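A note on names: the letters A, B, ... follow the listed sequences, proteins ahead of strands, and every chain is numbered from 1. None of these values were measured; they are calculated from a predicted model.
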Number of protein chains: 2
Amino acid sequence: MKLIDIGVLSEQSGMSTSTLRYYEDIGLIQSVGRHGLRRQFDAQAATQLALISLGKMAGFSLDDIKEMFAKDGAPQLPRAELHRRADALDAQIRGLTRLRDALHHVADCPAETHMKCPKFKRLMDFAARAKARRQA
Amino acid sequence: MKLIDIGVLSEQSGMSTSTLRYYEDIGLIQSVGRHGLRRQFDAQAATQLALISLGKMAGFSLDDIKEMFAKDGAPQLPRAELHRRADALDAQIRGLTRLRDALHHVADCPAETHMKCPKFKRLMDFAARAKARRQA
DNA sequence: GGTTGACCTCAAGTTGACTTGAAGTGGCAG
DNA sequence: CTGCCACTTCAAGTCAACTTGAGGTCAACC
């Protein structure tokens with residue numbers, strides 16, 4: 001099993017070395033040992049960082065991510081909760097799809113003000129309804 | 001045109017009144033006048049908040065959102081940039097879809113450690129590659 | 001016309017997620 | 001064996017996005 005320095009992991013993951021040290025501090029990733037005083041990481045760390053990166057994209061806090069994907073990838077949350085989060089993610093994906101469409105729309109639609117464009121309004125009505133649901 | 005108090009808009013949008021005041025401070029939303037010293041908002045504010053809410057979901061900063069959807073919905077950014085952001089959003093949507101699948105997977109897969117499950121690894125390999133691309 | 005409660009302002013505080021700086025260590029190429 | 005440079009620790013600083021608190025205002029109902 002090939003071990004790597006923090007600098008290499010930083011390069012691979014696109015996160016700064018200070019971020020990686022911070023993540024280890026708070027227990028989000030683990031180094032497998034030291035070479036002198038240098039942390040050594042294995043391939044699993046890169047996988048975990050990929051997961052963390054996705055979790056951040058989804059707007060989860062580092063604490064949330066820690067709960068959902070513990071050290072070995074085994075979650076500390078009950079199955080039902082994980083499915084619930086996956087479903088919420090699904091709703092978010094639908095929202096982002098609307099936002100993507102809205103962005104393309106405002107880029108191209110020649111209407112004076114988008115707020116009056118029926119197509120744009122239709123996109124946004126969805127967002128309003130989704131928000132209302134989240135409150136319930 | 002029916003006007004509403006900040007409390008009503010807060011209820012409709014699911015954002016606290018202090019947040020709405022803050023958003024007006026930084027120019028993200030606009031009130032259309034005052035009733036006594038109370039801000040009055042119209043329907044457009046609710047639409048804008050829906051848009052802001054989606055933008056936040058996507059991980060955009062409030063400044064980004066301000067640039068992409070100015071007061072009237074007319075962007076302050078060139079068309080090409082907006083399309084570029086929409087495409088980035090598309091990549092993000094694909095990432096979140098993988099994350100959703102990964103969540104369902106860790107909830108259900110009986111494997112000792114997910115890091116060794118081939119299905120899980122396949123999901124994560126994508127994430128690693130996506131991350132690498134973002135660096136380029 | 002008095003009380004109430006939702007609103008107001010403005011400054012300061014909080015939280016999450018890092019980043020920076022100073023001072024030190026140690027593996028390795030020359 | 002010497003110098004370099006990527007690493008180390010730990011405390012303090014930064015930034016975005018709000019939230020809180022103190023003290024004040026006023027439209028509407030009783």
Side-chain angles (χ1 to χ4, degrees), chain A residues 2-42 45-46 48-69 85 92 131 134-135, chain B residues 2-42 45-46 48-69 85 92 131 134-135:
Chain A
K2 205 179 76 183
L3 300 182
I4 56 174
D5 271 11
I6 201 171
V8 178
L9 184 59
S10 162
E11 193 125 332
Q12 280 177 14
S13 65
M15 294 166 176
S16 72
T17 57
S18 65
T19 299
L20 297 180
R21 262 178 237 116
Y22 173 67
Y23 281 1
E24 198 192 7
D25 263 23
I26 64 173
L28 209 51
I29 60 173
Q30 297 77 37
S31 54
V32 296
R34 296 274 175 143
H35 176 59
L37 43 68
R38 301 178 180 206
R39 290 163 180 81
Q40 299 300 115
F41 294 94
D42 62 11
Q48 280 192 57
L49 286 173
L51 213 40
I52 290 166
S53 169
L54 286 179
K56 283 181 53 187
M57 260 193 197
F60 290 115
S61 72
L62 298 185
D63 274 4
D64 279 345
I65 294 170
K66 206 163 141 189
E67 279 183 323
M68 294 189 304
F69 303 103
R85 291 194 184 210
Q92 183 175 351
K131 187 82 194 175
R134 258 204 309 294
Q135 295 312 305
Chain B
K2 204 180 73 181
L3 300 182
I4 56 174
D5 271 10
I6 200 172
V8 178
L9 185 59
S10 162
E11 192 125 332
Q12 280 178 14
S13 66
M15 294 165 175
S16 71
T17 57
S18 65
T19 299
L20 297 180
R21 262 176 237 115
Y22 172 67
Y23 282 0
E24 197 191 7
D25 262 25
I26 64 173
L28 208 51
I29 60 174
Q30 297 78 37
S31 55
V32 296
R34 296 273 174 144
H35 175 61
L37 42 68
R38 302 179 178 206
R39 290 161 178 82
Q40 298 301 114
F41 294 94
D42 62 11
Q48 279 192 59
L49 285 174
L51 213 39
I52 289 166
S53 170
L54 285 179
K56 282 182 53 185
M57 262 193 198
F60 290 115
S61 72
L62 298 184
D63 274 5
D64 279 346
I65 294 171
K66 205 163 141 188
E67 278 182 323
M68 293 189 305
F69 304 101
R85 292 195 183 210
Q92 183 175 351
K131 187 80 195 178
R134 259 204 309 295
Q135 296 312 305

What does nucleotides 23-30 of chain C look like as a protein-contact string, B for base, S for sugar-phosphate only, - for none, at under 4.0 angstrom between heavy atoms?
--SBSS--
Heavy atoms under 4.0 Å is the rule here; annotate nucleotides 13-18 of chain C 5' to 3' with B where the base is hit, S where only the sugar-phosphate is, and - elsewhere.
----BB
Should B/I4 and B/Q40 count as side-chain neighbours, where that means a heavy-atom distance under 4.5 Å?
no
Would you say the side chain of A/D42 lies within less than 4.5 Å of the side chain of A/K2, judging by non-hydrogen atoms?
no
Interatomic distance, A/F41 atom CZ to A/L3 atom CG [nearest 0.5 angstrom]
10.5 Å
Measure the spacing between NZ of B/K66 and CD1 of B/I52 and express it to the nearest 0.5 Å.
10.5 Å
Just by distance, do the side chain of B/S13 and the backbone of B/L9 share a donor-acceptor pair under 3.5 Å?
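Yes; judged by distance alone, with no hydrogens or angles, the pair exists.
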In the 5' to 3' direction, the nucleotides of DNA chain D bounding the stretch that comes under 4.0 Å of a heavy atom in chain B are D/dA17 to D/dA28
Among residues at least two apart in sequence or on other chains, which ones pass salt bridge (Lys or Arg N to Asp or Glu O under 4.0 Å) with A/D5?
A/R38
With sequence neighbours excluded, tell me which residues meet side-chain contact (heavy atoms from CB on, under 4.5 Å) with [X].
X: B/R85; value: A/L103, B/F60, B/D64, B/E67, B/M68, B/L77, B/E81
X: A/Y22; value: A/I26, A/L62
X: A/D63; value: A/S61

Once you apply a heavy-atom cut-off of 4.0 Å, does B/I6 come out as touching a base, just sugar-phosphate, or nothing?
sugar-phosphate
What is the nucleic acid contact for B/R39, judged by heavy atoms within less than 4.0 Å: base, sugar-phosphate only, or nothing?
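Touches sugar-phosphate only.
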Atom CD of B/E24 to atom C1' of C/dC7: distance rounded to whole Å?
13 Å
To the nearest Å, give me how far apart CG (B/D25) and P (C/dC7) are.
17 Å
Which atom names give the shortest non-hydrogen contact between A/G7 and A/T17, and what distance separates them?
CA-CG2, 4.2 Å
Non-hydrogen atoms of A/M15 and A/L20 that approach each other most closely:
CB-CD2, 4.0 Å
Note down the inter-axis angle between the two ends of the helix from C/dG1-D/dC30 to C/dG30-D/dC1, five pairs each, to the nearest 10°.
10°
Of all pairs that satisfy salt bridge (charged side-chain N to carboxylate O under 4.0 Å, His left out), the ones with a partner from residues 22-33 of chain B, not counting sequence neighbours
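Found B/E24-B/R39.
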With sequence neighbours excluded, what pairs up with A/S18 under the side chain to side chain donor-acceptor pair (under 3.5 Å) test?
A/S16
